[in-house]
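Report on one structure; see the data block that follows.
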Amino acid sequence: MIQLLASKSTNGFDWVDLSAPSDADIRQVADQYALHEASIKDCMQPDHLPKYELFDHYTFIIFRVFSPDQGDEADTIQELTNKITIFFTGDYLVTVHRAEYNLIDTVKTNRINTGKCTTTQHLLQALIRESILTFERPAWQLSESLDYYEEQVFLKQPESPILRNLYYVKRQIDVIRRLMLLSYEIVDSIDSVEQSNAYTRDLRDLYIRTQTIFDNLSENTGQLLSVYFSISSKRTNEIMRVLTIFSVFFMPLTFIVGVYGMNFKFMPELGWHYGYPVTIALMVGISAGIYFWFKRKGWL
């Protein structure tokens, strides 16, 4: 569907929005604004990474927007985000996207209808700003998930699903962090030395803040996984220590029982009147000796 959200006669530039467009819609707009075939090809790829490219008479941008409909186990760029493509010059701006975005209505309502966007550069800044803001909510959600898993790891007995869930949290954070890094060129080009102003600097500050949040989340997730494995290893070692102590106690006792359980005919102790109580006393003495030896070594 093709919509004209701003017109040159009213706003000083055209803003054409293509929502879930067909090939015919894209070709129609491409012919109207003489868009290069290479940029059209990139525009139609659903999993394309962020990109900033200059053509002869327009600038081509691909930005990723967080998808609110992603599941808990989404861990790829295409599952976590949707693509928005922007073609712009001083006279027009074209946005192309498959999914419906609230940011398009937000920018139209708050910027176009109020007359705050006087140039396509202002409109581009508003679109990129709203796109970056879509990552703020998942950042806090992922932070809350990490807080929950930290509590599970440190204060409670870890359950088997924790590692699986932590894996997906780590994957989501790493994917978004990678997208932020790839989007740097776009923000840096908007806030270039030639056109830097209060709005572009504010956009850069928002980008840096969002990137820093995901950098910290990535670092915290890695540390939490390391702590999880350390605690799991410690618990395993504790179990092995207890089992080793039990085996040390019972090894000499099992040896004595095995020797006197052979029931050979000419074993003199079998016919001895005090053989049984002496054997029991010997086993008790060995157990007591092992206990006090472990106590002295600090193993108990």
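Numbers here simply count residues along the sequence, with the first being 1. Side chains are part of it too, since the values below use all heavy atoms of this structure and drop only hydrogens, waters and symmetry mates. The model shown is predicted, which means the values in this text are computed figures rather than measured ones.
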**Message:** Less than 4.5 Å apart, side chain to side chain, heavy atoms only: is that true for F87 and V96?
**Reply:** yes
**Item:** Name of the residue among N216, T210, D215 meeting side chain to side chain donor-acceptor pair (under 3.5 Å) with R177
**Value:** D215
**Message:** What verdict does the side chain to side chain contact (heavy atoms under 4.5 Å, CB included) test give for N82 and Y101, after you've listed the backbone C-alpha separation in whole Å, the side-chain angles of each residue and the deciding distance to 0.1 Å?
**Reply:** CA-CA 9 Å; N82 293 317; Y101 298 143; 2.7 Å; yes
**Complete:** Across all chains, not counting sequence neighbours, the salt bridge (Lys or Arg N to Asp or Glu O under 4.0 Å) partners of E219 are none
**Item:** pair L80-L179: side-chain heavy atoms closer than 4.5 Å
**Value:** no
**Request:** Kindly determine whether Q125 and T200 satisfy side-chain hydrogen bond (donor to acceptor under 3.5 Å, both in side chains), including the steps that lead there.
**Result:** CA-CA 7 Å; Q125 294 168 19; T200 60; 5.3 Å; no
**Request:** To the nearest 0.5 Å, tell me how far L124 CG sits from I190 CD1.
**Result:** 4.0 Å
**Message:** Could you measure the distance from the CD atom of E136 to the CZ atom of R209? Nearest 0.5 Å is fine.
**Reply:** 4.5 Å
**Asked** Taking atom types as modelled, is there a side-chain donor on S67 or E79 under 3.5 Å from an acceptor on the other?
**Response** no
**Item:** Qualifying residues under salt bridge (Lys or Arg N to Asp or Glu O under 4.0 Å), relative to D25, sequence neighbours excluded
**Value:** none
Donor-acceptor list for residues 53-63 side chains, cut-off 3.5 Å, not counting sequence neighbours:
{"residue": "E53", "atom": "OE1", "partner": "K51", "partner atom": "NZ", "Å": "3.0"}
{"residue": "H57", "atom": "NE2", "partner": "Y33", "partner atom": "O", "Å": "3.4"}
{"residue": "H57", "atom": "NE2", "partner": "A34", "partner atom": "O", "Å": "3.0"}
{"residue": "Y58", "atom": "OH", "partner": "H36", "partner atom": "N", "Å": "2.7"}
{"residue": "Y58", "atom": "OH", "partner": "S39", "partner atom": "OG", "Å": "2.7"}

**Asked** Are the charged groups of D23 and R27 less than 4.0 angstrom apart, N to O?
**Response** no
**Message:** Would a single hydrophobic cluster contain both Y207 and L49, if residues Ile, Leu, Val, Met, Phe, Trp and Tyr are joined by side-chain heavy-atom contacts under 4.5 Å?
**Reply:** yes
**Message:** Using every non-hydrogen atom in the two residues, find where N110 and K116 come nearest and quote the distance to one decimal.
**Reply:** O-CD, 3.6 Å
**Request:** Would you check if the side chain of R64 reaches a backbone N or O of M180 as a donor-acceptor pair within less than 3.5 Å?
**Result:** no
**Asked** With side chains defined as the heavy atoms from C-beta onward, is the minimum distance between T109 and T114 less than 4.5 Å?
**Response** no
**Message:** Does I104 form a side chain to side chain contact (heavy atoms under 4.5 Å, CB included) with L5? I'd like the steps, not just the answer.
**Reply:** CA-CA 9 Å; I104 299 294; L5 302 183; 3.7 Å; yes
**Item:** Reported NZ-to-CD distance for the pair K108 and Q3, which is rounded to 0.5 angstrom
**Value:** 8.5 Å
**Main-chain N/O of F214 paired to S218 side chain as donor or acceptor, under 3.5 Å** = no
**Asked** Does Y167 belong to the same Ile/Leu/Val/Met/Phe/Trp/Tyr cluster as F229, with side-chain heavy atoms less than 4.5 Å apart forming each link?
**Response** no
**Smallest separation among heavy atoms of I84 and S131, with atom names** = CG2-OG, 4.4 Å
**Prompt:** Hey, quick one: are L127 and L182 part of the same hydrophobic cluster, counting side-chain heavy atoms closer than 4.5 Å, chains of contacts allowed?
**Reply:** yes
**Message:** Within the structure provided, determine whether V257 and M283 are in side-chain contact (heavy-atom separation under 4.5 Å).
**Reply:** yes
**Item:** Under 3.5 Å: donor-acceptor pair, side chain of S145, backbone of Q141
**Value:** yes
Ignoring hydrogens and angles, write down the donor-acceptor pairs under 3.5 Å from the side chains of residues 244-251, residues two or more places apart or on other chains.
{"residue": "T244", "atom": "OG1", "partner": "M240", "partner atom": "O", "Å": "2.6"}
{"residue": "S247", "atom": "OG", "partner": "L243", "partner atom": "O", "Å": "3.4"}
{"residue": "S247", "atom": "OG", "partner": "T244", "partner atom": "O", "Å": "2.6"}

**Message:** For W293, give me all partners under ring-ring contact (aromatic ring centres under 6.0 Å, His included), at least two apart in sequence or on another chain.
**Reply:** W299
**Asked** Linking I/L/V/M/F/W/Y whenever their side-chain heavy atoms sit closer than 4.5 Å, directly or via other members, would L4 and M1 fall into one cluster?
**Response** no
**Asked** Mind checking whether N11 and L123 have side chains closer than 4.5 Å, heavy atoms only?
**Response** no
**Prompt:** For the atom pair CD1 (I173) and OG1 (T221), what is the distance rounded to the nearest 0.5 Å?
**Reply:** 3.5 Å
**Asked** Are the side chains of D191 and L203 in touch, meaning some heavy atoms are under 4.5 Å apart?
**Response** no
**Fill in**
d(D17 CG, H97 NE2) to nearest 0.5 Å is 3.5 Å
**Asked** Do side-chain atoms of T81 reach the backbone of I77 as a donor and acceptor pair under 3.5 angstrom?
**Response** yes
**Fill in**
Closest heavy-atom pair, F66 versus T134, reported as atoms and distance to 0.1 Å, is N-OG1, 3.3 Å
**Item:** Heavy-atom closest contact (R98 atom, P21 atom, distance)
**Value:** NH1-O, 2.7 Å
**Prompt:** Who are the salt bridge (Lys or Arg N to Asp or Glu O under 4.0 Å) partners of D147, not counting sequence neighbours?
**Reply:** none
**Asked** Should we say atom OH of Y199 is surrounded by more than 12 heavy atoms from elsewhere, each under 6.0 Å from it?
**Response** no
**Request:** Grab the two heavy atoms, one from G90 and one from F13, that are nearest each other, plus how far apart they are.
**Result:** O-CB, 4.2 Å
**Asked** What do you reckon, is CZ of R137 surrounded by more than 12 foreign heavy atoms closer than 6.0 Å?
**Response** no
**Request:** Output yes when D188 and R204 qualify as a salt bridge under the 4.0 Å nitrogen-oxygen rule, no when they do not.
**Result:** yes
**Message:** I need the E130 CD to N102 CG distance, nearest 0.5 Å.
**Reply:** 10.0 Å
**Prompt:** Can you find a pair of side-chain heavy atoms, one from I286 and one from I256, that are under 4.5 Å apart?
**Reply:** yes
**Prompt:** Looking only at heavy atoms, which two atoms of R171 and R178 are closest? And how far apart?
**Reply:** NH1-NH2, 4.5 Å
**Request:** Establish whether V16 and I40 are linked, either directly or via other cluster members, by ILVMFWY side-chain heavy-atom contacts under 4.5 Å.
**Result:** yes
